[in-house]
2 protein chains.
Amino acid sequence: MRTMSQPVGLPVLAESDLVRQVARRLTDAIVQGRLPPGAKVAEAAVARELGISRAPVREAARLLESQGLLMASPRRGFFVRELSARDVDELYALRLCVERHAAVEAARRLTPETRAALRRQLDLMRDLARRDDPATIVEADYQFHRLICEAAGNARLLRLFDGLASELRIVIGLIGRLYDDPDEIARTHEPVLAAIEAGHPERIVAHVDHHIGVARREVVRLLESLTPQGPPPRNETSETP
Amino acid sequence: MRTMSQPVGLPVLAESDLVRQVARRLTDAIVQGRLPPGAKVAEAAVARELGISRAPVREAARLLESQGLLMASPRRGFFVRELSARDVDELYALRLCVERHAAVEAARRLTPETRAALRRQLDLMRDLARRDDPATIVEADYQFHRLICEAAGNARLLRLFDGLASELRIVIGLIGRLYDDPDEIARTHEPVLAAIEAGHPERIVAHVDHHIGVARREVVRLLESLTPQGPPPRNETSETP
DNA sequence: TAGGCGTCGATTGTCGACACTTTTGGCTTG
DNA sequence: CAAGCCAAAAGTGTCGACAATCGACGCCTA
């Protein structure tokens, strides 16, 4: 068959899929903090607001459920996942584990392009730090770490990272500004990138450990300080299949 | 509100939720190889077979989709994910990353109980190796690794492991017997457990690396040898949000 | 005879409806 | 006045239906 001269990768226009769109909207609302932890996500309300029926909303909710953003409580509906300090600690443990691997792997297969991209991102963060816009900085921070995971060349690892980051953003967005000294965010990332460029696995792991470890303790501490809140769902559904 | 004396976590009788049941059935069918990679999962057929409507089937399919077991192709339906040799390699890379962490952590908080459980599982595997029942051995193998992840005390890590294992079982089930020497499976696990009991992080990592590395090369090699097959879906949906 | 086109059947995406459960609000009662 | 109970309202779980789309088969054309 030779209908087209070449199967040149076209941009794959317009996912007609309502489910994806709803999923994305809900995700945005959650990470932006517009749907705070514990909030009920009423199908009917969402459907009404978007001018669609409940079916696509339910399916989107299922997607977000197994991504850990929502929690399904039978006969009661979906709720934005509430993260205890312990949850966040677990998430950071996984993130550490993932990013360690990602950084080492990224270093192994570092190309001039990705290296430049990382440098550029770091510069961007430095700039933003001067302008002092918390939300934007958090976003840039996320992108920097994401670039590293992308550079590891493992699509699944990237998806995993995105999942962890999404869940964490449930609370990060809540906490707001994480760094007292806005310049610190760039300073703490510099050694990580330097280690990747240098390509010493041990040094990479050490710096990643330190960098994420700091954030981890910080966030967990902050979260523990404002834990006293919670009227929400009734029980964890723990399965052991 | 205090309807019940206490919101003690009840066993949540009879999951009224059809979605979970369908999800589980589909998962079973996939890991048991009854739904082979690339197979189409027709909603109507599944619904008819289970005597229910299509809605719960669709929702279950969404769950499995974001677990990586199914792949949604818009307007075409759901298909059992096909794993290329590269996919499997990526999965093993993640598994390595996860299990390393799990084993080290398990060693750190090793209790006599979990230690006994691990020993017991290893003995079981030795027994099964003598009886030589491939399917059962694979299951026991899986359980051993799962126990380690459980012992790490991170619920999320366990879920992650389950997810990776599910995906891998898509192909493991296909390959069938992995070990020429059935006794080998017990022998290769022994050093891992020994290292965990000894509690030397470096030695643990080394043994886990070796053990999983062997399996990884083995499976990837086997899979590459029978890759020539594939009429299936049409394109990867790669998002970069 | 090989290749392209139109039509038909099958399947998906979405919707509205119905039964049942949970929640809420008010009312009764100690 | 507070606590408990009852009834109405809201929301979920599931279903069957309908339009739009995809794949396949067969026909027409070069």
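Any value given below was found using the heavy atoms of this structure, including those in side chains, with hydrogens, waters and symmetry copies removed. Chain naming here is simple, since letters A, B, ... match the order of the sequence lines and numbering starts at 1 in each.
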Calculate the interatomic distance between B:Q21 atom CD and D:dT14 atom P; express it in whole Å.
9 Å
Does B:R54 get its side chain close enough to the base of C:dG13, under 3.5 Å, for a donor-acceptor pair?
yes
Flag the pair A:E65 and B:R20 as a salt bridge only when some basic side-chain nitrogen lies within less than 4.0 angstrom of an acidic carboxylate oxygen.
yes
May I ask you to check whether over 12 heavy atoms, not counting those of B:R216, lie within 6.0 Å of atom CZ?
yes
How many Å lie between CG on B:L70 and C1' on C:dT12, as a whole number?
15 Å
Indicate, with a heavy-atom threshold strictly under 4.0 Å, whether B:A42 touches base, sugar-phosphate, or nothing.
sugar-phosphate
Of the listed D:dT14, C:dT14, C:dG13, the closest approach to the B:S53 side chain comes from D:dT14
Does C:dA10 have OP1 or OP2 sitting under 4.0 Å from an N or O in the side chain of B:K40?
no
Between CZ of B:R75 and P of D:dA19 the distance, given in whole Å, is 14 Å
Starting at atom CZ of A:R62, determine the distance to atom P of C:dG13, rounded to an integer number of angstrom.
17 Å
A:G77 or A:A55: which one's nearest nucleotide on DNA chain D is closer to the 5' end?
A:G77
A side-chain contact here means heavy atoms from C-beta on lying under 4.5 Å apart; do B:T114 and B:L147 qualify?
no
Output the rounded distance in Å from CZ (B:R58) to P (C:dT11).
14 Å
Rounded to the nearest angstrom, tell me the gap between atom CZ in B:F78 and atom C1' in C:dA10.
17 Å
Quick check for you: among D:dC15, C:dT14, C:dT22, whose closest atom lies nearest to any side-chain atom of A:R76?
C:dT22
Rounded to whole Å, please give me the gap between CG in A:L18 and P in D:dT21.
13 Å
So, B:D17 and A:R62, do they make that salt bridge, N to O below 4.0 Å?
yes
Donor-acceptor pair, A:D28 side chain versus A:R25 backbone, under 3.5 Å?
no
Calculate the interatomic distance between A:E43 atom CD and C:dT22 atom P; express it in whole Å.
15 Å
